[in-house]
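Notes follow once the structure below has been shown.
Throughout, numbering of the chain's residues begins at 1 and tracks the sequence. Remember, it's 1-based here, ligands and their atoms both numbered in the order they're listed.
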Amino acid sequence: MTRRVVRGAALAAAAAFFASAELRAADLELGRYLATECMTCHGTASATSTIPNIFGLGEGHFVEVIRAYRVKALPNPIMQSIAERLTDEDIAALAAYFQTAKK
Ligand code: HEC
């Protein structure tokens with residue numbers, strides 16, 4: 001009896017784990033897709049350009065900055081109009097993608 005309960009709990013935990021891993025993969029896929037638009041500018045970012053490098057940017061900072069552009073708390077009009085079209089889900093996916101993406 002106890003054994004069955006333990007086994008059930010282990011299965012539930014495993015299911016939750018795989019569900020979140022799957023969600024993560026979907027996020028990254030969406031992020032990669034949305035990122036193609038960003039590459040035009042950010043793909044060429046270098047130490048001397050005015051376009052910041054966003055590869056490897058921490059997820060927390062990324063989300064914060066894009067949301068700030070979206071509500072126009074940050075002044076750049078290009079990034080404002082780009083952020084305006086992104087949903088929270090898009091932003092999370094892009095953040096997950098860029099944190100691990102290599103140029
Ligand atoms: C037309 C060119 C252009 C495109 C396209 C573009 N960006 Fe930007 N981005 C910029 C510029 C220029 C800045 C710097 C703005 C500033 O100085 O405030 C910037 C800043 C940023 C920053 C802030 C970086 C930091 O550390 O402060 C992030 C994050 C960012 N962009 C993400 C994106 C994402 C995600 C996309 C695609 C959905 C994208 N950008 C598309 C030009 C672009």
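Proximity to Glu37 (heavy-atom distance under 4.0 Å) selects the following atoms of ligand 1: 5 (C). Within the listing of ligand 1, atoms 4 (C), 5 (C), 6 (C), 38 (C), 41 (C) sit less than 4.0 angstrom from a heavy atom of Ile82. Interface of Val65 with ligand 1, defined as ligand atoms under 4.0 Å from a residue heavy atom, comprises 23 (C). Interface atoms of ligand 1 facing Ile78, defined by a heavy-atom separation under 4.0 Å, are 1 (C), 2 (C), 3 (C). Near Asn76, meaning under 4.0 Å from one of its heavy atoms, ligand 1 places the atoms 15 (C), 16 (C), 18 (O).
At atom 8 (Fe) of ligand 1, the vertex angle linking NE2 of His42 with SD of Met79 is 170° (nearest 10 degrees).
Residue, atom and distance of the protein heavy atom nearest to atom 26 (O) of ligand 1 are His61 NE2, 3.3 Å. Scanning the protein heavy atoms around atom 16 (C) of ligand 1, the nearest turns out to be Tyr69 OH, 3.5 Å. Among protein heavy atoms, the minimum distance from atom 12 (C) of ligand 1 is reached at Ile51 CG1, 4.0 Å. Protein heavy atom at the shortest distance from atom 24 (C) of ligand 1 is Pro52 CG, 3.8 Å.
By the criterion of a heavy-atom distance under 4.0 Å, both the backbone and the side chain of Cys38 are placed next to ligand 1. With a heavy-atom cut-off of 4.0 Å, Ile66 touches ligand 1 through its side chain alone.
A continuous path of hydrophobic side-chain contacts links Ile78 to Leu94 [ILVMFWY only; heavy atoms under 4.5 Å].
Annotation: side chain of Tyr69 is not in contact with side chain of Ser81 (no heavy-atom distance under 4.5 Å). Between Arg70 and Ile66, the closest side-chain pair of non-hydrogen atoms is not below 4.5 Å. Within the 4.5 Å cutoff, no side-chain heavy atoms of Leu74 are placed close to those of Met79. Looking at heavy atoms from C-beta onward, Leu57 lies out of side-chain contact with Val65 at the 4.5 angstrom threshold.
Met39 does not count as a contact of ligand 1, since none of its heavy atoms falls under 4.0 Å from the ligand.
The line from CZ of Phe55 to OH of Tyr97 is 6.0 Å long, rounded to the nearest 0.5 Å. Rounding to the nearest 0.5 angstrom, the gap separating the CG atom in Leu34 from the CZ atom in Phe98 is 9.5 Å.
Among the atoms of Cys41, no N, O or S atom falls under 2.8 Å of atom 8 (Fe) of ligand 1.
Ion pairing between Asp90 and Arg85 fails under the 4.0 Å rule for side-chain N and carboxylate O.
With His42 contributing its side chain and Ile51 its backbone, the two residues share no donor-acceptor pair below 3.5 Å.
Heavy-atom proximity to atom 28 (C) of ligand 1, evaluated over Thr50, Leu34, Ile54, Thr40, is greatest for Ile54.
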